[in-house]
Amino acid sequence: CQVLVGIIIVSEEAKTMGEEAKIFTLSEVSEHNHAHDCWIVINAKVYNVTKFLEDHPGGDEVLLSSTGKDATDDFEDVGHSESAREMMEQYYVGEIDPTTIPKKTKYTPPKQPHYNQDKTSEFIIKILQFLVPIAILGLAVGIRIYTKSG
């Protein structure tokens, strides 16, 4: 039985500076979730973007709504420029412990019984398929007889 003693993640930024990166849990990062103290997680890295809130082109609400979760998908979906990615380095504060990020689950809709949008029963449809042509034929014969006698 092996026991996991600890996880040490060393970022590229920390390696170049000769030091180990600070490791945060998602709950620690989630505490920094307001305009005066705002941290976000992107690509397993933690950024303190408090000073950038006013300058963010999408507004501060975008960054504030990304707190308390892994915001990587939100960040990538927007398609940030290379200069924006380089700018992130100045806000870097550490790494996220990947074991504290919940696994993404794929949405599966609940099982529902088969729903027949056409509420008319098959029996009524079959009767109508038989009666409508007969009614049309009867109408045509009636019109023929009426116009001949007149």
Side-chain angles (χ1 to χ4, degrees), residues 1-4 6-9 11-13 21 23-150:
C1 210
Q2 292 181 341
V3 177
L4 182 62
I7 298 175
I8 298 176
I9 301 173
S11 71
E12 292 303 314
E13 292 88 349
I23 307 296
F24 297 97
T25 64
L26 185 60
S27 63
E28 289 173 322
V29 175
S30 298
E31 294 172 6
H32 305 272
N33 62 358
H34 49 85
H36 301 293
D37 186 21
C38 181
W39 291 17
I40 59 174
V41 176
I42 299 173
N43 293 320
K45 296 180 182 179
V46 180
Y47 299 94
N48 180 348
V49 293
T50 309
K51 293 179 182 177
F52 185 63
L53 288 175
E54 291 181 18
D55 298 328
H56 187 259
D60 61 349
E61 302 88 21
V62 175
L63 293 174
L64 289 168
S65 69
S66 296
T67 61
K69 65 177 184 172
D70 182 354
T72 303
D73 290 341
D74 297 340
F75 179 81
E76 296 299 339
D77 287 347
V78 173
H80 286 86
S81 67
E82 196 58 40
S83 63
R85 293 173 189 278
E86 291 171 6
M87 185 186 300
M88 291 171 56
E89 293 175 18
Q90 63 184 304
Y91 302 107
Y92 174 82
V93 291
E95 303 283 326
I96 192 76
D97 179 351
T99 62
T100 63
I101 297 178
K103 300 280 186 235
K104 294 180 183 175
T105 56
K106 184 179 176 186
Y107 174 75
T108 53
K111 298 280 186 202
Q112 295 182 353
H114 178 68
Y115 176 69
N116 185 3
Q117 287 182 327
D118 184 13
K119 296 188 189 290
T120 309
S121 70
E122 290 182 28
F123 178 71
I124 293 175
I125 291 173
K126 288 183 180 185
I127 290 176
L128 289 175
Q129 287 175 340
F130 177 73
L131 291 179
V132 169
I134 290 180
I136 293 172
L137 182 61
L139 183 62
V141 170
I143 291 173
R144 174 86 171 155
I145 293 173
Y146 178 74
T147 55
K148 255 190 174 183
S149 63

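Because the structure is a prediction, the values reported are computed rather than measured. Throughout, residue positions are numbered sequentially from 1 according to the sequence presented.
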Among all residues two or more places apart in sequence or in another chain, which pass the side-chain contact (heavy atoms from CB on, under 4.5 Å) test with [X]?
X: Ile143; result: Leu139, Thr147
X: Glu86; result: Glu82
X: Ser27; result: Thr25
X: Ser30; result: Leu26

Taking side chain as C-beta onward, heavy atoms only, is [X] less than 4.5 Å from [Y]?
X: Glu28; Y: Asp97; answer: no
X: Trp39; Y: Val93; answer: yes
X: Lys45; Y: Tyr92; answer: yes

(message) If you count heavy atoms of other groups shown closer than 6.0 angstrom to CD of Gln90, is the number above 12?
(response)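 Yes - once you tally the heavy atoms of other residues, nucleotides and ligands closer than 6.0 Å, there are more than 12.
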(message) What's the separation between atom CD1 in Ile40 and atom CE in Met88, rounded to the nearest 0.5 Å?
(response)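 Ile40 CD1 to Met88 CE: 6.5 Å, rounded to 0.5 Å.
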(request) State which residues pass ring-ring contact (aromatic ring centres under 6.0 Å, His included) with His34; sequence neighbours excluded, sorted by chain then number. (result)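 Counting only residues at least two positions away or on another chain, His34 forms no ring-ring contact (aromatic ring centres under 6.0 Å, His included).
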(request) Taking ring-ring contact (aromatic ring centres under 6.0 Å, His included) as the test, write out the residues that go with Phe52, two or more places apart. (result)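 If we apply the ring-ring contact (aromatic ring centres under 6.0 Å, His included) test to Phe52, skipping adjacent residues, the hits are His56, Tyr91.
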Which heavy atom of [X] sits nearest a heavy atom of [Y], and at what distance?
X: Ile96; Y: Val46; value: N-CG2, 3.9 Å
X: Asp74; Y: Lys69; value: OD2-NZ, 2.8 Å
X: Phe75; Y: Arg85; value: CE2-NH1, 3.3 Å

(request) Using the test side-chain hydrogen bond (donor to acceptor under 3.5 Å, both in side chains), find all partners of Asn33 that sit at least two apart in sequence or belong to another chain. (result)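 Partners of Asn33 under the side-chain hydrogen bond (donor to acceptor under 3.5 Å, both in side chains) test: none.
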Sequence-distant partners of [X], salt bridge (Lys or Arg N to Asp or Glu O under 4.0 Å), two or more places apart:
X: Asp37; value: none
X: Asp73; value: Lys104
X: Glu31; value: none

(message) As a quick check of understanding, evaluate side-chain contact (heavy atoms from CB on, under 4.5 Å) for Asn48 and Cys38, giving each step before the final call.
(response) CA-CA 6 Å; Asn48 180 348; Cys38 181; 5.6 Å; no
Throw together a table of side-chain donor-acceptor distances under 3.5 angstrom for residues 58-67, partners on residues two or more places apart or in other chains.
residue	atom	partner	partner atom	Å
Ser65	OG	Glu61	O	3.2
Ser65	OG	Val62	O	2.8
Ser66	OG	Val62	O	3.0
Thr67	OG1	Leu64	O	2.9

